[in-house]
Number of protein chains: 2
Amino acid sequence: MPKRHLTDPVDLLREHGMQVTVQRLAVLRAVSQRPHLTADDIEKMVRTEIGTVSRQAVYDTLAVLTANGLIRRIQPAHSPARFEDRVDDNHHHVVCRQCGRVADVDCAVGSAPCLEPAHRHGFVIDEAEVMYWGLCPDCQIAR
Amino acid sequence: MPKRHLTDPVDLLREHGMQVTVQRLAVLRAVSQRPHLTADDIEKMVRTEIGTVSRQAVYDTLAVLTANGLIRRIQPAHSPARFEDRVDDNHHHVVCRQCGRVADVDCAVGSAPCLEPAHRHGFVIDEAEVMYWGLCPDCQIAR
DNA sequence: TCGTGTTATTGACACAGTCCAGAATTGGAA
DNA sequence: TTCCAATTCTGGACTGTGTCAATAACACGA
């Protein structure tokens, strides 16, 4: 009896007590294959793959996957939310001001960059999010 | 002839070639008095102060003030845009996950924190934005 | 005070995302 | 295998921010 790899999407869902459905697997596959897609892009990909899916199902699925930590939601300003399956590591993002493209970056400062603000104003801080802004290679050429 | 202080709102607008209007002065005053307000809050404050103002005028004014660098627009996820008049210094923000309250923080790492990502993927980066997430004092108590 | 270019008003519209209620599907018990 | 309760999906209406376009009003220099 072959031992299944832990990151098998089916096992992943089961481990979190979630039912296994075609839609969920398709959403997981889409997010995994092409990180930083928008909900709309994911909806299109899933529909292409399994024929039909409602927008609501996509949003619900993304929400429940996010809540269970299987995927991560990032929301740059002036852009719809984007999703990625790279979780459990402390990485950040660089966003193109022109086309909205997103890429992963690791911060050079360390594994927990800037987690210590000078004054925390009584806030209990649980996350530091770093967003780099600039122009992607394509948009530099287009100038 | 007394020399006017440079940060006089009227002079500020003139310096940037912008006409001086009651609405603009009221918007500047609102943003200055209570930083991190939303456009909606600002609209209410301005309306209270000068009687009547259209939503569009508020948005236009905020846009033109932002474009000229008189105010700064910050846009936390799951929250409408907020505005502040503290510009020209490299500070960041801490946002309450519960109520959306925003406070200024200076990063302890240095004046230009995390500006050097490990891999920039060909992007030309012009800004690094740091957002801290947590709970504000009031919302800690409410738990 | 007048003329011109800028700014404000009004109302329609766009977009991302959410809510709701009923229908369908699923996992697990028998 | 069949059935039940819980979960999930569907379709449509709806919200909240924000933008566009056309017209009216205003600010400011001459």
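Just so you know, these numbers come straight off a predicted model, no measurement behind them. The chains referred to below are lettered A, B, ... by the order of the sequence lines, with proteins before strands, and numbering in each begins at 1.
Considering only side-chain N and O atoms, B:Gln19 lies nowhere under 4.0 angstrom from the phosphate OP1 or OP2 of C:dT7. In this model, the phosphate group of C:dT25 is not approached by any side-chain N or O of A:Thr21 to a distance below 4.0 Å at OP1 or OP2.
In this entry the distance linking OH of A:Tyr59 with P of C:dC15 reads 13 Å, nearest Å. Per the geometry, CZ belonging to B:Arg55 stands 11 Å off C1' belonging to C:dT10, to the nearest Å. Spacing between atom CG of A:Asp60 and atom P of C:dA21 amounts to 15 Å, rounded to whole angstrom units. Whole-Å rounding puts the A:Leu13 CG to C:dG27 C1' distance at 14 Å. In this entry the distance linking CD of A:Gln75 with P of C:dG17 reads 6 Å, nearest Å. As a whole-Å value, the separation of A:Ile50 CD1 from C:dT25 P is 13 Å. One can place CD of A:Gln23 at 11 Å from C1' of C:dA24, the figure rounded to the nearest angstrom.
Tested against B:Glu49 for a side chain to side chain donor-acceptor pair (under 3.5 Å), the candidates B:Lys44, B:Gln23, B:Arg29 yield a single pass: B:Arg29.
By the 4.0 Å N-to-carboxylate-O rule, A:Arg55 lies too far from A:Asp40 to be salt-bridged with it. Between B:Asp126 and A:Arg97 a salt bridge is recorded (basic side-chain N to carboxylate O distance below 4.0 Å).
Nucleotides of DNA chain D lying under 4.0 Å from heavy atoms of chain B occupy a range whose first and last members, 5' to 3', are D:dT17 to D:dC28.
Residues B:Leu70 and B:Leu13 form a side-chain contact, since some pair of their non-hydrogen atoms from C-beta on lies under 4.5 Å apart.
Checking B:Ala81 against B:Val22, the closest nucleotide of DNA chain D that is more toward the 5' end is the one next to B:Ala81. DNA chain C is contacted by both A:Arg73 and A:Val20; A:Arg73 maps to the nucleotide lying nearer its 5′ end (nearest heavy atom per residue).
A heavy atom closer than 4.0 Å to some atom of DNA chain D occurs in A:Arg24, these being the qualifying members of residues 24-47 of chain A.
Looking only at atom types and distance, the side chain of B:Asp104 has no donor-acceptor partner in the side chain of B:His92 under 3.5 Å away. Of the N and O atoms on the side chains of B:His93 and B:Glu84, at least one donor lies less than 3.5 Å from an acceptor on the other residue.
Distance alone, capped at 3.5 Å, places no donor-acceptor pair between the B:Ser32 side chain and the B:Leu28 backbone. B:Arg24 places a side-chain N or O within 3.5 Å of a backbone atom of B:Gln19 that can act as its donor or acceptor partner.
Contact annotation for A:Val64: no contact, since no heavy-atom pair falls under 4.0 Å across all strands.
In B:Arg86, the CZ atom is crowded: over 12 heavy atoms of neighbouring residues, nucleotides or ligands sit closer than 6.0 Å.
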